[in-house]
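No hydrogens, no waters, no symmetry mates; every other heavy atom, side chains included, goes into these values.
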Amino acid sequence: MTYLRQDKLEQDALYQDLLISVTTFFRDTNTFETLCDTVFPLIIKNKPAEELIRVWIAGCSTGQEAFSMAICFSELLGDSQQRVQLFATDLSEPAIAKARAGMYTANEVKGVPSQRLQQSLPK
């Protein structure tokens with residue numbers, strides 16, 4: 001226990017081992033279908049267009065679920081002037097760093113249809 005208290009690198013390594021980092025884009029299909037088909041449209045409908053929609057994603061890991069929600073809102077809003085602000089947080093600094101970068105490998109996005117990926121790319 002003394003070693004753990006004194007060694008910051010060991011503390012960080014243990015901390016990372018304890019965190020669960022299981023995430024993918026649109027990870028829980030049923031949940032995302034419900035969010036995109038029911039919940040988000042209701043939020044958009046009930047929020048005046050001039051008011052910002054704010055969503056907090058707690059435990060966002062490396063960002064795939066946060067980006068999945070952003071994709072859903074983008075598809076629903078289309079050319080609308082309604083604005084959405086997503087807040088994504090996680091306890092893991094390495095996970096947040098990856099999420100902030102927003103860069104994913106082909107393997108990490110393999111479950112996302114190519115049309116959806118193309119529509120989500122910045123213009």
pair [X]-[Y]: side-chain heavy atoms closer than 4.5 Å:
X      : Y      : answer
Thr105 : Val109 : no
Phe26  : Ile71  : yes
Val55  : Met69  : yes
Phe73  : Ile44  : yes
Ile57  : Thr89  : no
Lys47  : Ile53  : yes
Asn30  : Asp28  : yes

On a heavy-atom basis, which atom in [X] and which in [Y] lie closest, and how many Å separate them?
X      : Y     : value
Phe25  : Ser68 : CA-OG, 3.4 Å
Ile96  : Cys60 : CD1-SG, 3.8 Å
Tyr104 : Gln64 : CE2-CD, 3.6 Å
Thr23  : Arg27 : CA-CD, 3.9 Å

Spacing of [X] atom [atom1] and [Y] atom [atom2] [to the nearest 0.5 Å]:
X     : Y     : atom1 : atom2 : result
Leu86 : Glu65 : CG    : CD    : 12.5 Å
Leu35 : Ile43 : CG    : CD1   : 8.0 Å
Leu52 : Arg83 : CG    : CZ    : 5.0 Å
Thr62 : Phe67 : OG1   : CZ    : 10.0 Å

Side chain Ser74, main chain Ala70, donor-acceptor under 3.5 Å: no

Check: Gln82 main-chain N/O paired with Ser80 side-chain donor or acceptor under 3.5 Å: yes

Joint cluster assignment, Leu117 & Leu76, ILVMFWY side-chain distance < 4.5 Å: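 Yes, Leu117 and Leu76 fall within the same hydrophobic cluster.
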
Within one Ile-Leu-Val-Met-Phe-Trp-Tyr cluster: Val84 and Phe87, side-chain cutoff 4.5 Å: no

For Cys72, all residues meeting disulfide (SG to SG under 2.5 Å), sequence neighbours excluded: Cys36

Atom CD of Gln81 with >12 non-hydrogen neighbours under 6.0 angstrom: no

Qualifying salt bridge (charged side-chain N to carboxylate O under 4.0 Å, His left out) pairs, either residue in residues 32-44, two or more places apart: none

Sequence neighbours excluded, every pair satisfying salt bridge (charged side-chain N to carboxylate O under 4.0 Å, His left out) that has a member inside residues 96-107: Lys98-Glu108

Glu75 with Arg116: basic N within carboxylate O range, under 4.0 Å: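 A salt bridge is present here (some side-chain N lies under 4.0 Å from a carboxylate O).
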
